[in-house]
K.L.:
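Would you mind keeping the following structure in view while I ask a few things?
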Amino acid sequence: MPTAVGTDRERAAVQAYLHLLHTVRAALDGPPDPRRPPLVPPAVLAEADRALADAGLSGTEKEFFRLVGDRCSR
């Protein structure tokens, strides 16, 4: 049975996006600290950008979010 995310690069892009999403969620779920606003580490953003570009998904948000939705519904 084929998977919804076909290529290794597509899988990597989806996983990098989910990593980014979970990182942002964790930063925003914590108690607010006025001395330190929540930030996403640059490495996490770079990982997501690189994976999207490698998978040819930069600028194809509709297709990418279909892949993410397929992955999350399993």
K.L.:
Please report the shortest heavy-atom distance between L20 and A48, naming the atom on each side.
P.N.:
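Closest heavy-atom pair between L20 and A48: CD2-CB, 4.0 Å.
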K.L.:
Between D54 and R50 (salt bridge meaning N to carboxylate O under 4.0 Å), is one present in this structure?
P.N.:
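A salt bridge is absent here (no side-chain N lies under 4.0 Å from a carboxylate O).
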K.L.:
Restricting to side chain to side chain contact (heavy atoms under 4.5 Å, CB included), what partner residues turn up for D49, sequence neighbours left out?
P.N.:
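D49 satisfies side chain to side chain contact (heavy atoms under 4.5 Å, CB included) with no other residue.
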K.L.:
Using 0.5 Å steps for rounding, measure from the CD atom of E10 to the CD atom of Q15.
P.N.:
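It comes to 12.0 Å.
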K.L.:
Considering non-hydrogen atoms only, spot the tightest contact between A12 and A51 and give its length.
P.N.:
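The pair with the smallest heavy-atom distance is O-CB, 3.8 Å.
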K.L.:
When rounded to the nearest 0.5 angstrom, what is the spacing between NE2 in H22 and OH in Y17?
P.N.:
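These two atoms lie 9.5 Å from each other.
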K.L.:
Can you name the closest pair of heavy atoms from A55 and R9 and give their distance?
P.N.:
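Residues A55 and R9, closest heavy atoms: CB-O, 3.3 Å.
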